[in-house]
Amino acid sequence: MASDNRPVVALLGTGIMGAGMGRNIAKAGLPLRVWNRTKDKAEPLAGDGVVVAGTPADAVRDADVIVTMLPDAETVQGVMGQAEPGLRAGQVWAQTSTVGLEGAEKLAELAIRHELIFVDCPVLGTRKPAEDGALIVFAGGPDAARSQVEPVFDAIGSKTVWLGEAGTASRLKLVANSWVLAVTTATAEALALARGLDVDPNLFLEAISGGSLDSAYLRTKAAAILKDDFSPNFSVSLAAKDARLVVEAGQAHGLRLDVADGAARKLGRAAELGHADEDMAAAYFACFDSH
């Protein structure tokens with residue numbers, strides 16, 4: 001803990017989401033060390049007064065709060081394994097990655113083995129909200145961790161929804177992601193159908209403007225498609241992973257989620273077509289027989 005009671009924070013993962021989160025943690029005045037597998041993605045944060053660590057163990061050593069923002073549960077587990085030499089009992093682990101139900105359980109077990117205080121806290125949002133400090137944080141974990149993690153959540157998010165025990169937050173995140181995936185793929189298909197039927201897609205957008213069918217998210221993804229600008233706010237590959245997690249969660253609870261399953265297959269096809277690292281709006285390209 002810093003001398004003025006600010007928690008010392010370690011952030012593992014400074015990619016599309018983590019970079020913005022890191023800048024906002026530093027902007028809030030919290031002492032911060034970061035690590036990223038590709039170090040040049042972490043180096044720009046040094047200009048914000050952030051210490052760039054060479055290893056996960058160096059990043060977490062003496063930290064009060066460890067934040068993970070990594071692609072999937074397997075990666076989180078591997079990186080925390082590398083961090084092991086720097087871990088100590090009683091550190092708070094704020095796990096912000098989307099890892100699904102089974103992944104959240106495995107990571108909670110890993111926290112127990114290392115005597116870490118585990119907070120299951122996936123975030124809702126993409127690159128822009130991460131950069132703006134406007135993510136929505138779904139948080140589940142012990143009350144004892146709140147005083148440590150709330151300064152971090154206040155820095156990265158516009159709202160924190162506390163949900164009780166660890167695991168609850170990951171369940172809510174999958175529900176929210178199922179909606180995001182549905183809107184994204186529906187937007188892609190509507191614009192692809194307009195193209196296929198030789199209809200100006202702007203006529204569709206004008207027709208629903210201001211009505212109950214309109215939404216800011218639809219506008220954002222439609223604009224990316226119409227401008228042919230697929231700079232990643234959230235990548236096709238990560239969206240496909242999240243779609244699979246939604247489908248698996250549904251199957252585990254006796255649910256057939258055909259929309260999420262279709263989104264997973266469409267995003268998978270978009271990745272196969274070479275769009276894996278582009279924004280998830282590039283699901284659009286998977287609507288065509290060849291592209």
Side-chain angles (χ1 to χ4, degrees), residues 13 15-20 37-38 41 69-75 97-100 103 122-131 173-202 204-205 208 213 215-251 255-291:
I16 290 175
M17 300 287 290
R37 179 177 56 185
T38 307
K41 290 185 178 180
M69 173 45 78
L70 297 159
D72 51 43
E74 183 178 357
T75 303
S97 316
T98 300
V99 297
V123 295
L124 184 62
T126 55
R127 180 199 294 267
K128 186 66 162 60
E131 292 174 345
K173 179 65 192 305
L174 292 179
V175 174
N177 276 7
S178 73
W179 177 244
V180 171
L181 291 160
V183 176
T184 300
T185 52
T187 301
E189 290 195 356
L191 269 61
L193 182 61
R195 174 178 169 180
L197 299 181
D198 197 25
V199 172
D200 182 350
N202 288 296
F204 158 63
L205 296 173
I208 65 170
L213 297 177
S215 76
Y217 193 80
L218 160 67
R219 295 282 167 174
T220 298
K221 294 308 177 188
I225 293 168
L226 294 176
K227 293 177 181 177
D228 195 29
D229 180 4
F230 296 96
S231 303
N233 288 292
F234 195 73
S235 71
V236 163
S237 60
L238 289 176
K241 178 266 297 184
D242 285 359
R244 291 191 295 271
L245 291 176
V246 170
V247 172
E248 290 168 4
Q251 290 173 340
L255 301 172
R256 177 172 174 170
L257 303 178
D258 293 333
V259 173
D261 183 59
R265 287 184 281 109
K266 187 175 291 295
L267 289 159
R269 174 167 160 74
E272 291 171 1
L273 291 170
H275 303 283
D277 296 326
E278 296 177 353
D279 187 77
M280 62 191 295
Y284 171 78
F285 296 113
C287 296
F288 303 93
D289 286 336
S290 61
H291 199 283

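All values below were derived from every heavy atom in this structure, side-chain atoms included, with hydrogens, water molecules and symmetry-related copies excluded.
- The shortest side-chain heavy-atom distance between Leu226 and Leu205 falls under the 4.5 Å cut-off.
- Taken from CG in Asp242 to CE in Met280, the straight-line distance is 8.0 Å, to the nearest 0.5 Å.
- Residues Met17 and Ser97 form no side-chain contact, since every pair of their non-hydrogen atoms from C-beta on lies 4.5 Å or further apart.
- Smallest separation of non-hydrogen atoms from Ala192 and Cys287: CB-CB, 3.5 Å.
- Closest heavy-atom contact between Gly13 and Leu70: CA-CD2, 3.8 Å.
- The side-chain heavy atoms of Pro232 and Arg127, taken from C-beta on, include a pair separated by under 4.5 Å.
- Atom NZ of Lys173 and atom CG of Leu245 lie 9.5 Å apart (nearest 0.5 Å).
- Side chain of Asp279 to backbone of Phe234: a donor-acceptor contact under 3.5 angstrom is found.
- A 4.5 Å side-chain heavy-atom check between Lys241 and Leu267 finds every atom pair outside the cut-off.
- Residues Tyr284 and Phe230 keep their aromatic ring centres 6.0 Å or farther apart.
- Tested against Ser178, the residues Leu257, Val246, Val259, Val247 include a single side chain to side chain contact (heavy atoms under 4.5 Å, CB included) partner, Val246.
- Considering all non-hydrogen atoms of both residues, Ala270 and Ala282 come closest at CB-O, 3.7 Å.
- Phe204 has its side chain out of reach of Val199: every pair of non-hydrogen atoms, C-beta onward, lies at least 4.5 Å apart.
- When all heavy atoms are compared, the tightest approach of His275 to Phe285 is CE1-CD1, 3.3 Å.
- Between atom OG1 of residue Thr187 and atom CG of residue Leu218 there is a gap of 4.5 Å, rounded to the nearest 0.5 Å.
- In this structure, CG on Leu213 lies 6.0 Å from CD1 on Ile208, to the nearest 0.5 angstrom.
- When every heavy atom of Ala243 is checked against every heavy atom of Ala263, the shortest pair comes out as CB-C, 4.4 Å.
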Practice prompt. Give the intermediate values and the outcome of side chain to side chain donor-acceptor pair (under 3.5 Å) for residues Lys221 and Thr184.
Written response: CA-CA 7 Å; Lys221 294 308 177 188; Thr184 300; 5.6 Å; no

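- Nearest heavy-atom pair across Thr75 and Pro71 is CG2-CD, 3.8 Å.
- The line from OG of Ser237 to CG of Asp277 is 5.5 Å long, rounded to the nearest 0.5 Å.
- Within the model, atoms CG of Asn202 and CG of Leu191 stand 8.5 Å from one another, a figure rounded to the nearest 0.5 Å.
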Discussion item. Run the side-chain contact (heavy atoms from CB on, under 4.5 Å) test on Leu124 and Asn177 for me, step by step, so that the C-alpha distance in whole Å, both residues' side-chain angles and the decisive distance to 0.1 Å come before the verdict.
Written reply: CA-CA 8 Å; Leu124 184 62; Asn177 276 7; 4.1 Å; yes

